[in-house]
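Presented below is the structure to which this report refers.
What's counted below: heavy atoms across the whole structure, side chains too, no hydrogens, waters or symmetry copies.
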Amino acid sequence: MSKMVTRCKKCILPATYPDIQFNEQGVCSYCLLPVEEKKPSEKDLKTKIDKIIQSYKGKGKYDVVVGLSGGKDSSYVAYYLRQEYGLKMLGVNFDNGYRSEYAIRNLEALVDKLEIDLVTIRPNKSFLKKLYAHFLRKQGEFCSVCNNMGYLLIASFIWNQRLSLGYSPLAVGGWSKKYEYQPGVSVTSMPYFFKYLSPELFEELIANPFMEEKVVRSYMRLNDPRQAHIDSKERKELGDHVMNFIQLPDYIRWDVRKMPQLLKEAVGWQQPPDTHDSHFDCTVFPIKEFFKFKRYGLTQETIKNSVMIREGMMTRAEALEMMSLEQTEEPKICHSFLEELGLSRDDVNEQAEWSR
Ligand SMILES: [Zn+2]
């Protein structure tokens, strides 16, 4: 992208971002959104989460299920729950066949250090590859597969745990709506995933031994399952198949800038040099970011950093500097990944609208 790109004068969102508008001063519509009033206080939120955790603690073999990837957010969830509440955790790791070496090393160090029992779920790779190829052909992206599969696998797993434990354990995630949700270019929505999935692949998905058909059929109706947490309106729609689930960032201060150092000291967590600290857990994530950059002129970190500017956690100059880490060039792994999926570059639909 050349220097000609118009960017918001306050944050760094470019004019190529979907549905963005600028006022006369060059400030974008996201910066001009009214600040949420009547937010619950930190103290009230802490009281709330304390109450939720206490109601699940000591019920049986373990207190909570934590989805772990080796990335910083999920690692921080495990670290915090152990430090703050001394919980006994069962870790669940979704292996999509492309976990990075750093992610695996972090995951192993974390579970050893915090004495977490770990289950790794790995659907057979040929099925996952079919899904990735299908979405690249149709939508020019493939991350919606893991975003949705990972969630459905854990919801199915918890459903089965409920049957074997006699109670439904609490699941705790580290997804932060504030920093991770990317309006306009997000590929996390279930209706989006199921809209573009073929009937044949849907049949294959519910036939997978890790998937519970009833759970899938309940969750696929939800607009954004990440927000179907305890106390939410969406959760009520799930009826019997509901997962007792919270996102930790909804309750506590989520200081993404301090986490890497803290985790490094506490559990030997590491990130690869010269990269952003998010999503290095997957080796093919840069490919998605590259296609996003080609399509929308920005990557996930730019959206996240623009939020951090608005929150006063980062200066505009710092965010502009971090843009040098954006995936503007085709990553080396792209060619071999497409080849592995049986695709050529021309098969990737670079015109599709994401998030629609
Ligand atoms: Zn802005």
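With sequence neighbours excluded, the residues that form a side chain to side chain contact (heavy atoms under 4.5 Å, CB included) with Glu330 are Phe290, Cys334, Arg345. Residues passing the side chain to side chain contact (heavy atoms under 4.5 Å, CB included) test with Asp231, sequence neighbours excluded: Lys48. The salt bridge (charged side-chain N to carboxylate O under 4.0 Å, His left out) search around Lys59 returns none, not counting sequence neighbours. Among residues two or more places apart in sequence or in another chain, the side chain to side chain donor-acceptor pair (under 3.5 Å) test is passed with Trp254 by Asp73. Listed by chain and residue number, Glu353 satisfy the salt bridge (charged side-chain N to carboxylate O under 4.0 Å, His left out) test with Arg295 (two or more places apart in sequence, or in another chain). Residues that satisfy the side chain to side chain donor-acceptor pair (under 3.5 Å) test with Glu237, not counting sequence neighbours, are absent from this structure. Listed by chain and residue number, nothing satisfies the side chain to side chain donor-acceptor pair (under 3.5 Å) test with Arg162 (two or more places apart in sequence, or in another chain). A search for side chain to side chain contact (heavy atoms under 4.5 Å, CB included) contacts involving Val307 returns Lys178, Tyr179, Arg310, Glu311, not counting sequence neighbours.
Grouping Ile, Leu, Val, Met, Phe, Trp and Tyr residues whose side-chain heavy atoms lie under 4.5 Å apart, directly or via other members, leaves Ile104 alone, with no other cluster members.
For Phe285 and Tyr98, the gap between ring centers reaches or exceeds 6.0 Å. Less than 6.0 angstrom separates the ring centroid of Tyr151 from the ring centroid of Phe245. Aromatic rings of Phe142 and Phe291 (six-membered ring for Trp) have centroids beyond the 6.0 Å cut-off, not under it.
Residues Trp269 and Leu110 fail the side-chain proximity criterion, which asks for heavy atoms closer than 4.5 Å. Using a 4.5 Å heavy-atom threshold, the side chains of Phe210 and Ser156 count as separate. Taking the side chain as every heavy atom from C-beta outward, Asp50 and Tyr85 approach each other to under 4.5 Å. In this structure, the side chains of Arg217 and Ile206 come closer than 4.5 Å at one or more pairs of heavy atoms.
Every pair passing salt bridge (Lys or Arg N to Asp or Glu O under 4.0 Å) that includes a residue from residues 125-154 is listed here, sequence neighbours excluded: Lys125-Glu340, Lys130-Glu204. Residue pairs meeting the salt bridge (Lys or Arg N to Asp or Glu O under 4.0 Å) criterion with at least one partner in residues 74-85, sequence neighbours excluded, are Lys46-Glu84.
A salt bridge links Arg257 to Glu318: at least one charged side-chain nitrogen sits closer than 4.0 Å to a carboxylate oxygen.
The number of heavy-atom neighbours closer than 6.0 Å to NZ of Lys214, taken from other residues, nucleotides and ligands shown, is 12 or below. Counted within 6.0 Å of CD on Glu350, heavy atoms from surrounding residues, nucleotides or ligands total more than 12; the atom is thus considered enclosed.
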Full working for side chain to side chain contact (heavy atoms under 4.5 Å, CB included) between Val92 and Val66
CA-CA 6 Å; Val92 181; Val66 180; over 6 Å; no

Is there a side chain to side chain contact (heavy atoms under 4.5 Å, CB included) between Phe337 and Leu343 once you walk through the steps?
CA-CA 9 Å; Phe337 181 60; Leu343 298 178; over 6 Å; no

Go through it in stages, so that I can follow the logic: the residues are Leu153 and Phe157, the test is side chain to side chain contact (heavy atoms under 4.5 Å, CB included), and I'd like the CA-CA distance, side-chain angles, deciding distance and then a yes or no.
CA-CA 6 Å; Leu153 287 167; Phe157 176 81; over 6 Å; no

Let me see the working for Tyr167 and Tyr56 under ring pair (Phe, Tyr, Trp, His ring centres under 6.0 Å), right down to the final yes or no.
CA-CA 10 Å; Tyr167 65 95; Tyr56 286 90; 8.2 Å; no

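Under the 30°/60° scheme for interplanar angles, the aromatic rings of His241 and Trp159 are found to be tilted.
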Enumerate donor-acceptor pairs with a distance under 3.5 Å from any side-chain N or O in residues 111-119 to protein atoms, sequence neighbours excluded.
none

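Distance CG/Asp250 to CD1/Ile230: 11.5 Å, rounded to 0.5 Å. The OG atom of Ser344 sits 11.0 Å away from atom CD of Glu339, with the distance rounded to the nearest 0.5 Å.
The heavy-atom pair separating Leu197 from Leu201 by the smallest distance is CD1-CB, 3.9 Å. The two atoms that bring Asn93 and Leu68 nearest to each other are ND2-O, 2.7 Å, heavy atoms only. Here the shortest heavy-atom pairing between Val185 and Trp354 reads O-CE3, 3.7 Å.
Linking Ile, Leu, Val, Met, Phe, Trp and Tyr residues whenever their side-chain heavy atoms come within less than 4.5 Å places Tyr80 and Leu263 in a single cluster.
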